[in-house]
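Working notes, beginning with the structure itself.
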Amino acid sequence: MVENLVIVESPAKAKTIEKFLGKDFQVKSSFGHIRDLAKKNLGIDIEKDYEPQYIVPDDKKAIVKELKKLAKDAKIVWLASDEDREGEAIAWHLLKELDLDIKKTKRIVFHEITKEAIQGAIKTPRLIDENLVNAQQARRILDRLVGFELSPVLWKKVRPSLSAGRVQSVAVKLLVEREREIINFKSESFFKITGLFKTNKNEELKADLSERIKSPEKTLELLEKCKKAAYNITDVVKKPGKKSPSAPFTTSTLQQEASRKLGFSVGQTMSVAQKLYEAGKITYMRTDSVNLSTMAIGAAKNVILNEYGEKYLKTRNFKTKSKGAQEAHEAIRPTFIENQEVSGTDGEKRLYDLIWKRTVASQMSEAQLEKTTISINLSNDEHKFVAVGEVLKFDGFLKVYLESTDDENEEEVKGLLPAVNKGEDVEYNSIGAVERFTHHPARFTEASLVKKLEELGIGRPSTYAPTIYTIQNRGYVIKEDREGKDREYISYILSNNEIKEQKKKEITGAEKKKLFPTDIGMVVTDFLSEHFDEILNYNFTASVEEEFDEIANGKLIWSKMIDKFYKPFHKTVENTLETSSRSVGERALGDDPTSGKPIIAKIGPYGAMVQIGSKDDEEKPRFASLQRGQHLETITLEEALELFKLPRDLGQYEDKKVVVSIGRFGPYVRHDSKFVSLPKEENPYKIELDRAIELIEEKREKDRLKTIKIFEEDPEVQVLNGRWGPYISYNKNNYKISKEIEASKLTLEQCMDIIKAEEKTGKKGKVKKTKKIVAKKKTTKK
DNA sequence: CAGTGAGCGAGCTTCCGCTTGACTT
């Protein structure tokens with residue numbers, strides 16, 4: 001029996017700490033929260049002053065049972081969860097659920113995982129801070145009330161299974177607003193004029209005109225002047241500058257840099273970091289702190305002195321800037337900064353390398369720069385050319401690490417300029433004017449959205465990645481690449497006293513791994529903004545956080561705070577359910593020229609669609625789904641009319657009609673009540689009979705190859721060849737055949753055995769996971 | 001692999017923050 005039981009949140013942490021504490025201490029992990037609100041009836045008793053109903057979730061039952069037993073046997077139980085709101089609540093739940101005797105229970109906290117810090121914590125135990133626990137309960141209850149009252153409104157007013165919440169709905173709103181800014185953005189063109197000059201030492205000097213010029217006429221006018229002008233250097237200014245290293249990584253900055261430098265999704269970053277953490281290679285990866293322990297700074301100092309010398313050393317402490325940071329952990333850093341590399345997968349190595357460099361660089365000296373600005377005047381015009389160069393005088397931390405930026409406008413690398421003197425004359429070699437265009441605000445990537453959320457104080461390090469996943473999973477947002485479009489632009493070149501004009505082409509607007517709001521994401525955001533403006537407001541989280549702080553300071557009673565929010569909120573929910581109409585994002589596009597009926601775009605039961613006429617007309621309305629790349633917000637009447645050109649009758653084949661149309665699985669050809677999907681490169685609006693017949697024949701051939709065996713005794717049982725190898729089809733269900741069996745030799749009896757065997761095991765294990773899919777199939781089949 | 005439509009059916013869906021595995025496709 002061990003006298004002391006220490007409970008922390010993470011098992012990896014437990015393992016490390018156990019080593020520091022010696023034989024009398026057993027360290028166990030709670031694996032995060034051990035209780036949560038029940039899912040039935042909100043899990044909150046509104047009538048009883050919002051009394052929470054806590055239960056232990058199924059996947060936590062085993063760990064609770066084990067901890068309970070160990071706690072019973074221990075003389076002292078040390079609750080060592082993190083020192084923040086959630087950590088305090090975990091300690092309190094443990095106290096309650098494990099039924100701990102308050103006299104033998106002690107609450108301790110530490111900020112860094114070192115022997116001294118932990119032994120120090122053991123010497124200074126305290127009581128559980130009930131106020132802080134209450135702040136957490138208020139947070140939890142508020143989120144449940146918002147999520148579980150808002151989501152059902154969406155099920156009734158927009159579409160089933162949708163979700164809304166304090167965090168996710170705001171994340172989607174950010175994307176929707178940005179997308180609309182982009183849609184409404186009007187790009188303007190201007191001319192960027194760059195001169196290549198020759199100094200009297202025959203060196204080349206590149207300089208840009210200090211102003212943009214809007215019209216081609218004005219540009220040409222200026223170029224004409226340039227022909228005749230004399231050029232003189234009127235100014236050479238040298239200014240020292242410096243660059244400082246960024247703070248060590250937090251969860252959010254790690255996600256951003258891994259996205260920019262390694263191309264990782266935020267989910268990928270977190271799972272690779274988790275692996276490194278579990279292997280003891282880095283500190284905890286879910287943190288909002290930029291703080292390094294004194295031990296870590298000491299280790300970084302040694303590394304820098306050994307590797308780069310004293311000139312490169314400058315230790316510092318960084319301060320957290322982000323809103324609502326709770327700083328229960330250190331920044332993300334290598335556990336042993338001496339280790340510049342680690343073993344592991346390619347991803348682990350690369351992420352570790354990034355963390356190592358960022359940590360070490362944060363304790364290095366600034367880079368020293370010299371910025372040179374050279375101005376060149378024209379003898380016959382007010383405009384002037386300016387050349388800016390930057391020279392690195394001392395690299396400092398840049399020797400190790402340079403943070404990248406989200407800025408997509410590839411700025412030219414400024415380099416060294418030739419040595420020139422004020423008053424010196426130069427001549428031009430050539431002067432070019434290129435038409436450029438103003439750029440719409442950038443679309444969000446997963447990582448830049450996390451950055452924005454963090455700035456607004458919405459969400460926590462442990463939820464950034466799951467939130468990004470949820471909004472994609474619910475269909476509010478899609479991450480994808482989009483192809484750019486061709487754009488023409490004009491370019492003039494003046495050389496040898498002659499101006500030449502060229503029309504050039506470039507590709508613009510291409511997007512890679514960007515987040516786009518979907519039609520449903522826009523409709524839901526509009527609906528929520530209209531009825532629940534308060535919750536969608538970017539400041540909502542910040543303002544409730546202030547109140548949580550007051551609860552934590554004992555200045556506010558949590559149930560009062562909840563009541564003040566809930567009463568009016570609940571009224572709005574009821575009001576909205578009663579009075580608002582269904583929201584399908586309806587947009588009128590104009591009238592159909594043939595029938596004169598109005599054409600509208602809206603969300604239908606199967607996604608975005610266009611419709612001619614309405615339900616109430618005598619004739620049934622006609623429907624067509626929007627195609628990939630088309631959106632409710634932007635589809636035009638012309639595009640809609642195009643969609644109604646289907647189904648198309650192509651003619652006859654084998655005395656039966658051949659019809660091409662688009663169904664829920666994409667474009668298809670129908671012939672003799674059989675369907676053939678069109679391959680991607682075929683266009684249903686243009687395909688002709690000959691090609692359709694080819695496709696029909698191809699499909700027939702494939703079907704012939706598909707069938708391995710059909711049993712005469714029972715034609716329902718078929719052995720078929722599928723995408724993943726042979727399988728058995730029976731009563732519209734499919735059953736896999738294990739690899740050891742040769743499919744062509746199966747007998748009917750053997751097939752039935754396989755079917756029976758799978759139904760047994762299938763029902764036990766699968767039911768839970770496939771529930772959703774089964775339910776969906778039912779509704780779509782009928 | 002199979003499936004190619006535009007609200008009757010029964011019952012389900014959902015939140016945010018703490019933590020890791022156990023599952024396939």
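First the proteins, then the strands, lettered A, B, ... as listed; each starts at 1.
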Whether the side chain of [X] and the base of [N] hold a donor-acceptor pair under 3.5 Å is what I'd like checked.
X: R582(A); N: dG7(B); result: yes
X: R140(A); N: dC15(B); result: yes
X: S677(A); N: dT4(B); result: yes
X: S161(A); N: dT13(B); result: yes
X: R139(A); N: dC16(B); result: yes

Fill in the blank from the handout: All stems that DNA chain B takes part in, i.e. 3 or more consecutive Watson-Crick or G-U pairs with distances under 3.5 Å, are none

Practice task
Would you check if F31(A) stacks with the base of dT20(B), given a 5.5 Å centroid limit and a 30° plane limit, both strict?
Solution key: no

Practice task
Kindly confirm whether the side-chain ring of W155(A) is stacked on the base of dT14(B), judged by centres under 5.5 Å and planes under 30°.
Solution key: no

Problem - Which residue lies more 5' along DNA chain B, comparing Y668(A) with E278(A) via nearest heavy atoms - result: Y668(A)

Kindly point out which of [options] is positioned nearest to the side chain of [X]?
X: R286(A); options: dC15(B), dT13(B), dT19(B); result: dT19(B)
X: D143(A); options: dT19(B), dA6(B), dC16(B); result: dC16(B)
X: K39(A); options: dC15(B), dG17(B), dA6(B); result: dC15(B)
X: S10(A); options: dC16(B), dT19(B), dC15(B); result: dT19(B)

Check whether the side chains of [X] and [Y] place a donor and an acceptor atom closer than 3.5 Å, and report yes or no.
X: E446(A); Y: Q472(A); value: yes
X: N537(A); Y: E534(A); value: no
X: Q136(A); Y: E86(A); value: yes
X: E9(A); Y: S30(A); value: no
X: S661(A); Y: R670(A); value: no

Problem - N-O pairing of K597(A) and D592(A) below 4.0 Å - result: no

Phosphate contact ([N] OP1 or OP2) by [X] side-chain N/O below 4.0 Å:
X: R35(A); N: dT19(B); result: no
X: S151(A); N: dT13(B); result: no
X: Y284(A); N: dT19(B); result: yes

Find the distance [X]:[atom1] to [N]:[atom2] and express it as a whole number of Å.
X: M609(A); N: dT4(B); atom1: CE; atom2: P; value: 20 Å
X: I458(A); N: dC16(B); atom1: CD1; atom2: C1'; value: 13 Å
X: M285(A); N: dC18(B); atom1: CE; atom2: P; value: 12 Å
X: E454(A); N: dG17(B); atom1: CD; atom2: P; value: 13 Å
X: Q168(A); N: dG17(B); atom1: CD; atom2: P; value: 11 Å
X: L94(A); N: dC18(B); atom1: CG; atom2: P; value: 15 Å
X: L37(A); N: dC18(B); atom1: CG; atom2: P; value: 15 Å
X: I63(A); N: dG21(B); atom1: CD1; atom2: P; value: 11 Å

Practice task
State whether Y476(A) and K173(A) meet the cation-pi test: NZ (Lys) or CZ (Arg) under 6.0 Å from the six-membered ring centroid, and within 45° of the perpendicular axis.
Solution key: no

So what does [X] touch, heavy atoms closer than 4.0 Å: a base, only the sugar-phosphate, or nothing?
X: V167(A); answer: sugar-phosphate
X: S625(A); answer: base
X: L154(A); answer: nothing
X: R460(A); answer: sugar-phosphate
X: G87(A); answer: nothing
X: T463(A); answer: base
X: P461(A); answer: nothing
X: A12(A); answer: nothing
X: T467(A); answer: nothing
X: G32(A); answer: base

Practice task
With the side chain counted from C-beta on, respond yes when L145(A) and H570(A) share a heavy-atom pair under 4.5 Å apart, and no when they do not.
Solution key: no

Handout entry: Note, R159(A) side chain near I520(A) side chain (heavy atom, < 4.5 Å)
Key = yes

Exercise for the section: Give me the one residue out of E149(A), K157(A), K156(A) that meets side chain to side chain contact (heavy atoms under 4.5 Å, CB included) with V153(A). Expected result: K157(A)

